[in-house]
Amino acid sequence: DGGITQSPKYLFRKEGQNVTLSCEQNLNHDAMYWYRQDPGQGLRLIYYSQIVNDFQKGDIAEGYSVSREKKESFPLTVTSAQKNPTAFYLCASSMGQNPYEQYFGPGTRLTVT
Amino acid sequence: GEDVEQSLFLSVREGDSSVINCTYTDSSSTYLYWYKQEPGAGLQLLTYIFSNMDMKQDQRLTVLLNKKDKHLSLRIADTQTGDSAIYFCAGPAGNMLTFGGGTRLMVKP
């Protein structure tokens, strides 16, 4: 079955530690995205990548970093510079860079204490 | 204002129809989407409509598009408790897909 996987489902970290969230897709999609969702809020775009080895900042990129070394994978690192990292993180992919429909993973809930 | 806007909350009784509304600003010819998010889960693509259509029906779901007013709506017929979720509309903003803030639908038994 094709789809997007995110791991782990729940992640706990101490303040000051970097943490990397995994996102993998086997849909052969070119574009991948990371969103942050806070309780009762909509989605905010962190980073996106339209092609391997290239990515662009979204609306709230500060304190985050990404890489896109493989088409299937788009990991997100939440660094210690992110002031309020506790949130629900969603990864998505789409066929191309135009506003095609995006397919979402199940999300990772990150709690930093 | 925001590229895509939605009302925050809707409460209906089981068996009634629900209508969730969305307004957008980009008038590009493209698809507009409705997603559903259940608690603690990712977004699930529910349905979509192309901008040259006025209406699309898919079982209990009806999407209406008013291009003149840039208004999109999702009607859920015979709403069930399992329809309780957050519903997001999504539309174009330049060459990106942008999401509304989500409408929380609560279905009372």
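Just so it is clear, the structure is predicted and the values come from calculations on it, not from any experiment. Every heavy atom of this structure was used, including side-chain atoms; hydrogens, water molecules and symmetry mates were not. Every chain is numbered from 1 and lettered A, B, ... according to where its sequence line falls, protein lines coming before strand lines.
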Which answer fits A:Q37, side chain, backbone, both or neither, if we ask what part of it has an atom under 4.5 Å from a heavy atom of chain B? side chain
Within a radius of less than 6.0 Å around CE of B:M106, do more than 12 heavy atoms belonging to other residues, nucleotides or ligands occur? no
Chain A-proximal positions within residues 56-85 of chain B [heavy-atom distance under 4.5 Å]: none
Heavy-atom distances under 4.5 Å only: say whether A:I4 touches chain B with side chain, backbone, both or neither. neither
In this structure, would A:F74 and A:L90 fall into the same cluster of hydrophobic residues linked by side-chain contacts under 4.5 Å? no
Consider only side-chain heavy atoms of I, L, V, M, F, W and Y, link residues closer than 4.5 Å, and tell whether B:F99 and B:L46 are in one cluster. yes
Is A:V66 reachable from A:M32 through a run of hydrophobic residues whose side-chain heavy atoms are each under 4.5 Å from the next? yes
Please tell me whether B:F9 and B:V19 are part of a single hydrophobic cluster in this structure, the criterion being side-chain heavy atoms less than 4.5 Å apart. no
side-chain contact (heavy atoms from CB on, under 4.5 Å) between A:Q102 and B:Y33, intermediate numbers included: CA-CA 9 Å; A:Q102 294 182 14; B:Y33 304 95; over 6 Å; no
Around B:L45, counting heavy atoms of other residues, nucleotides and ligands shown, do more than 12 lie under 6.0 Å from its CG? yes
Please determine whether residues A:Y89 and A:L45 belong to a single hydrophobic cluster, defined as Ile, Leu, Val, Met, Phe, Trp and Tyr linked transitively by side-chain heavy-atom distances below 4.5 Å. no
Please check if atom CD in A:Q56 has more than 12 non-hydrogen atoms from other residues, nucleotides or ligands closer than 6.0 Å. yes
At a heavy-atom separation under 4.5 Å, does B:F88 approach chain A through its side chain, its backbone, both, or neither? side chain
Would you sort out whether A:Y33 and B:M96 count as a side-chain contact (heavy atoms from CB on, under 4.5 Å), showing the intermediate values? CA-CA 11 Å; A:Y33 311 82; B:M96 292 289 292; 3.8 Å; yes
Pairwise distance CG(A:D59) to OG1(B:T98) - rounded to 0.5 angstrom: 7.5 Å
Rounded to the nearest 0.5 angstrom, the CD-CZ distance for B:Q37 and A:F104 is 8.5 Å
Rounded to the nearest 0.5 Å, how far does CD of A:E101 lie from CG of B:L43? 13.5 Å
For atom NZ of A:K9, decide whether the heavy atoms of other residues, nucleotides or ligands shown that lie under 6.0 angstrom number more than 12. yes
